[in-house]
Amino acid sequence: MTGNSAWAERAQKALTPNYRQQPVALVRGEGTRVWDADGKEYLDFLGGVAVNVLGHCHPALVRALEEQARTLWHVSNHYFIPRQVELAEALLAVTPFAGRAFFCNSGAEANEAMLKLARKYHADRGHPERNEIVACLDSFHGRTLFTVTAGGQPKYRQGFEPIVPGVRHVPYGDLAALDAALDSKTAAFLVEPIQGESGVIPAPEGYLEAARELTRKRGILLCFDEVQTGMGRTGRTWFHEWLSVTPDLMSVAKGLGGGFPIGALLATEEAGAHLGPGSHGSTFGGNPLGCAVALAVLRELRGGVLERSREVAARLRAALEGLTAAGRVERVRGRGMLLGLVLRGVAAGEVMKGARERGLLVNAIGDDVIRLAPPLTLSAADADLAVERLSAALSAAPARA
Ligand SMILES: *Cc1c(COP(=O)(O)O)cnc(C)c1O
């Protein structure tokens, strides 16, 4: 039997060293739990980075994948793909603003398509000069060259220059700065409703509504990146359902396939029509396997998962807020099953390590945030157990110098 350390050694020899990997090789999962190559069991509160909305190996998803695998794997978009059409219809049915869907394989590709469409939309309408993208500092939109350029974290661009021209950044949540940045050269404003990768930072109250007004008045496309916040993660199918605003374009990925790689761009009928014949594409985009699984995920979300997730998320949040009394958690932010704990006086990396040793997988962001993204199917008992383990890890972590 090959254990964790042997896998680590082989990985470090065979793979490009771009990931900072923890000394655990995961070999099996079921629901909220995963097991490593040494046989140790964990509660998985990272969930493949906010991907596994229905946990590991959900029976309905396994069934959908197996059935599709016996029927048709891949044919390309040279032909109509019934599963893809059905998935588009199912997504549009739960996304009233949207009239068109484009499928790809990841969040970065969904954003890439969104940004390309934003430029094409204005170019088609006789305004090729309207090509600038305004995005937010500290945002994350993926790792293609256009999306690292749009992302507001310079570390992801370093060494990869020259970057894509025509992107400007404004501080997240700063309306005056946004107002000043949006002009007659702006094609689109791209924003995460909650900044996930930079530490689960929700947009300030009223910011997205005001951004909608500013962009509408100036003929600028409003683009929501719901790659992390979508597919029920915050207790509604899309985060923006909590608000009274809708975007013109929205990117979706992470939870869409519940762990099967698939992404999508959803667009208003008017904007979506500008991704004309031959203008964009993806060999694997909307492949039958991914679409069959995503259809099953959407069916489950409609079947009561969202309602139950809101109840358990409220319990989880209350328990996490209880940890503030011990002094090492300053506050809890986020929504639903996407939560960030802001730490005080302890290093997030130490807390992550201590939690892992106690059988709980969480994610350290920077020095002082722990991100939790458990499945929407989390049980009350497992929520309590996770908080117990996290609490022990917090108390045991060494005080930060
Ligand atoms: C994860 C993420 C992406 C990138 O998705 P990939 O599938 O890794 O390309 C883009 N935007 C947001 C908000 C994300 O959280």
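Both counts, for ligands and for their atoms, begin at 1 and track the order of listing. Numbers for residues simply follow the sequence, beginning at 1. Only heavy atoms go into these numbers, but all of them, side chains included; no hydrogens, no water, no symmetry mates.
Side-chain atoms of Q22 and R356 include a donor-acceptor pair closer than 3.5 Å. A donor-acceptor contact closer than 3.5 angstrom is absent between the side chains of T324 and E321. Judged purely by distance below 3.5 Å, without hydrogens or angles, the side chains of E112 and T144 pair a donor atom with an acceptor atom. One side chain, D44 or H56, offers a donor N or O that lies under 3.5 Å from an acceptor on the other.
With a 6.0 Å cutoff to the six-membered ring centre and a 45° limit on the axis angle, R143 counts as a cation-pi contact of Y156.
Counting atoms of ligand 1 from 1 in the listed order, those under 4.0 Å from a heavy atom of S106 are 7 (O), 9 (O). Interface of G142 with ligand 1, defined as ligand atoms under 4.0 Å from a residue heavy atom, comprises 4 (C), 10 (C). The N111 neighbourhood of ligand 1 comprises atoms 10 (C), 11 (N), with distances under 4.0 Å to a heavy atom of that residue. Distances below 4.0 Å separate heavy atoms of E192 from the following atoms of ligand 1: 13 (C).
Distances from atom 15 (O) of ligand 1 to the protein include at least one heavy-atom value under 4.0 Å.
When heavy-atom distances to ligand 1 are checked against a 4.0 Å cut-off, H141 comes that close only through its backbone atoms N, CA, C and O. Counting heavy atoms closer than 4.0 Å to ligand 1, residue K254 contributes side-chain atoms (C-beta onward) but none from N, CA, C or O. Contacts of V49 with ligand 1, taken as heavy-atom pairs under 4.0 Å, are absent altogether.
Classified by interplanar angle (parallel below 30°, tilted 30° to 60°, perpendicular above 60°), the ring pair H240/F224 is tilted. Between H280 and F102, the ring planes are tilted. Angles from 30° to 60° get that label.
The protein non-hydrogen atom at the shortest distance from atom 9 (O) of ligand 1 is A108 N, 2.7 Å.
With D183 as the partner, the salt bridge (charged side-chain N to carboxylate O under 4.0 Å, His left out) test is satisfied by one option alone out of K217, R168, R130: R168.
Of the candidates G151, S139, S198, G107, it is G107 that places a heavy atom closest to atom 5 (O) of ligand 1. Checking D225, T147, I194 against atom 12 (C) of ligand 1, the nearest heavy atom belongs to D225.
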